[in-house]
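Working notes, beginning with the structure itself.
None of the values given here were measured: they were computed from a predicted structure.
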Amino acid sequence: MKYTALRGHLDEARAGGTAALSPCYVVYGDDAWLRQSAVGMFRALTDPEYASFNYTVMSASDGAEEAVFTLNTFPVFDRIRVTVVEDVTDKLSAADKAAYEKYISSPNPDAVLVLVCEDGAEKQASFKGAEKVDCSRLAEAEAAGIVAGMLKAEPERTMQRAALHELYTRTLGDMSRIACEIGKLKAYCDGEIKRDDVCAMTSAEPDYQIFRLSDAIGAGDKPAALRVLTALLDDGLRPMTVLNMLYAYYRRMLHAELHKDEPDAAVAALLGIKPGALYHVRRASGRYTQMKLKRCADHLHGLQYAVLTGRRSEESAMHEAVLTLISQV
């Protein structure tokens with residue numbers, strides 16, 4: 001199930017009794033805030049007064065046998081026990097897998113096991129009878145529902161749709177950053193949070209800034225490209241850092257075009273980026289042919305080499321990179 005469906009599922013289970021719960025939930029996805037929020041929902045299944053007895057968090061390195069022992073312990077003054085195993089990796093041992101499989105095949109009806117996986121490790125925890133909870137990056141409309149809840153908390157605020165869109169875009173949909181920025185914006189604004197407030201208070205992720213630079217370059221808009229470049233340098237980035245980021249971005253665009261028929265999740269994993277960043281990469285790469293992207297990446301690589309060998313200064317190489325890229329469109 002998606003993260004957005006988890007609360008409703010647990011509320012129904014709480015109303016109907018523990019029989020409606022799965023014996024095991026596998027929490028996975030690339031958004032750490034969503035994973036931790038999901039874990040918090042499982043903690044809420046226990047009576048707060050006795051949670052110290054019935055809610056246990058351990059590391060996967062403690063071993064499956066330890067987790068199973070805890071799960072088979074009768075709840076104290078409560079109807080349920082929850083055991084959370086964090087940091088499950090794709091290196092899960094055969095012995096641990098066997099222990100979890102054996103437990104889930106005949107679980108304690110008064111206990112719930114929650115396996116919190118590192119990104120990609122959920123494949124190793126795909127046990128029969130386990131329910132997966134997808135905590136991957138949310139679409140903007142899904143994030144809006146969570147933000148609405150944040151805005152209702154004291155001090156209560158409202159937010160323009162344009163402001164939410166700007167916040168989602170600048171943070172690349174990362175809920176950890178969105179939650180942090182909402183807190184700042186609520187303290188900064190009285191009443192309604194406007195788009196200008198987000199622009200003033202929320203710095204864009206470097207990947208988004210590079211997208212804006214590439215987008216301006218792809219459109220042949222030299223003034224806009226230079227404005228974004230100036231903003232990056234004003235944020236304290238060295239010219240060589242900008243050059244390196246441009247090279248990495250154009251390589252990503254090239255690979256995005258080479259794999260444009262493959263699912264976003266698979267391509268994002270291949271490139272080592274979040275699906276939110278891939279959205280911008282795909283949008284920018286559409287302005288180029290594969291051949292042009294290859295030429296751009298090769299030229300940027302040549303400029304990097306020239307700087308590293310002392311034949312060019314960082315500043316001149318960076319400016320040549322931007323001007324050359326504009327001429328390639």
Side-chain angles (χ1 to χ4, degrees), residues 30 119 137 166 169-174 177 199 202-329:
D30 58 13
D119 202 22
R137 184 190 71 99
E166 187 69 26
T169 302
R170 284 173 174 255
T171 59
L172 298 179
D174 185 279
R177 276 212 65 196
C199 293
T202 305
S203 60
E205 290 283 347
D207 276 350
Y208 176 63
Q209 291 283 55
I210 288 295
F211 156 72
R212 289 181 60 211
L213 178 57
S214 177
D215 198 45
I217 290 170
D221 190 342
K222 188 182 296 185
L226 293 178
R227 282 197 301 272
V228 178
L229 183 61
T230 300
L232 283 167
L233 297 175
D234 288 345
D235 283 343
L237 268 67
R238 286 177 48 195
M240 188 61 181
T241 302
V242 175
L243 183 60
N244 291 340
M245 291 174 71
L246 278 171
Y247 172 64
Y249 198 78
Y250 273 81
R251 282 190 68 250
R252 288 173 184 170
M253 284 198 289
L254 176 59
H255 284 290
E257 282 298 296
L258 292 172
H259 300 276
K260 61 184 177 183
D261 295 326
E262 297 180 24
D264 284 358
V267 178
L270 174 69
L271 300 179
I273 59 177
K274 297 178 180 179
L278 180 62
Y279 165 79
H280 295 294
V281 172
R282 286 201 189 280
R283 181 176 158 188
S285 67
R287 297 180 181 273
Y288 299 84
T289 64
Q290 291 180 9
M291 187 60 69
K292 280 187 177 180
L293 286 170
K294 177 69 166 58
R295 283 203 300 265
C296 290
D298 287 346
H299 185 69
L300 290 167
H301 186 263
L303 289 171
Q304 284 179 313
Y305 183 76
V307 173
L308 293 174
T309 55
R311 293 187 288 113
R312 297 289 298 271
S313 70
E314 293 184 17
E315 292 82 356
S316 68
M318 179 196 67
H319 284 291
E320 180 183 322
V322 172
L323 295 174
T324 302
L325 292 173
I326 289 174
S327 70
Q328 289 292 316
V329 180

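Summarising the local packing, NE2 of His301 is surrounded by 12 or fewer heavy atoms from other residues, nucleotides or ligands at distances under 6.0 Å.
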(request) Go through the steps for Leu293 and Thr289 under the test side chain to side chain contact (heavy atoms under 4.5 Å, CB included), then give the verdict. (result) CA-CA 6 Å; Leu293 286 170; Thr289 64; over 6 Å; no
(message) For a side chain to side chain contact (heavy atoms under 4.5 Å, CB included) check, start with the C-alpha distance between Leu213 and Tyr249, then their side-chain angles and the critical distance, and finish with the verdict.
(response) CA-CA 10 Å; Leu213 178 57; Tyr249 198 78; over 6 Å; no
(request) Assess whether side chain to side chain contact (heavy atoms under 4.5 Å, CB included) is satisfied between Arg282 and Val267, documenting all intermediate values. (result) CA-CA 10 Å; Arg282 286 201 189 280; Val267 178; 3.4 Å; yes
(request) Could you walk me through whether Tyr305 and Leu300 pass the side chain to side chain contact (heavy atoms under 4.5 Å, CB included) test, one step at a time? (result) CA-CA 9 Å; Tyr305 183 76; Leu300 290 167; over 6 Å; no
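Separation of atoms NZ (Lys292) and CG (Leu254) is listed at 14.5 Å; rounding is to 0.5 Å. Between the OG1 atom of Thr202 and the CZ atom of Arg170 there is a distance of 7.0 Å, given to the nearest 0.5 Å. To the nearest 0.5 Å, atoms CG (Leu325) and NZ (Lys222) are separated by 12.5 Å. If you take CZ on Arg177 and OG on Ser203, they are separated by 4.5 Å, rounding to the nearest 0.5 Å. Of the inter-residue distances, the one linking His319 atom NE2 with Leu226 atom CG reads 8.0 Å to the nearest 0.5 angstrom.
Residues Ala297 and Tyr247 come closest through the heavy atom pair O-CE1, 3.3 Å. Of all non-hydrogen atoms in Ala216 and Ala225, the two that sit nearest each other are CB-N, 3.6 Å. Between Leu243 and Ala321 the shortest heavy-atom distance is CD1-CB, 3.7 Å. Summarising the geometry of Ala317 relative to Leu303, their closest heavy-atom pair is O-CD1, 3.6 Å, with the distance given to 0.1 Å. When all heavy atoms of Asp30 and Arg137 are compared, the pair lying nearest together is OD1-N, 3.0 Å.
When each of Leu237, Val242, Leu232, Asn244 is paired with Met318, the side-chain contact (heavy atoms from CB on, under 4.5 Å) condition holds for Val242 and for no other. In summary, of the residues considered (Lys260, Glu257, Gln290), a side-chain hydrogen bond (donor to acceptor under 3.5 Å, both in side chains) with Ser285 occurs for Glu257 alone.
A salt bridge links Arg312 with Glu320: at least one charged nitrogen is closer than 4.0 Å to a carboxylate oxygen.
Under the side chain to side chain donor-acceptor pair (under 3.5 Å) criterion, Glu314 pairs with Arg238, sequence neighbours left out.
Here the side chain of Thr309 pairs a donor or acceptor atom with the backbone of Ala306 at under 3.5 angstrom.
Contact annotation: the side chain of Met240 approaches that of Leu308 to within less than 4.5 Å [non-hydrogen atoms, C-beta and beyond]. Residues Glu166 and Cys199 form a side-chain contact, since some pair of their non-hydrogen atoms from C-beta on lies under 4.5 Å apart.
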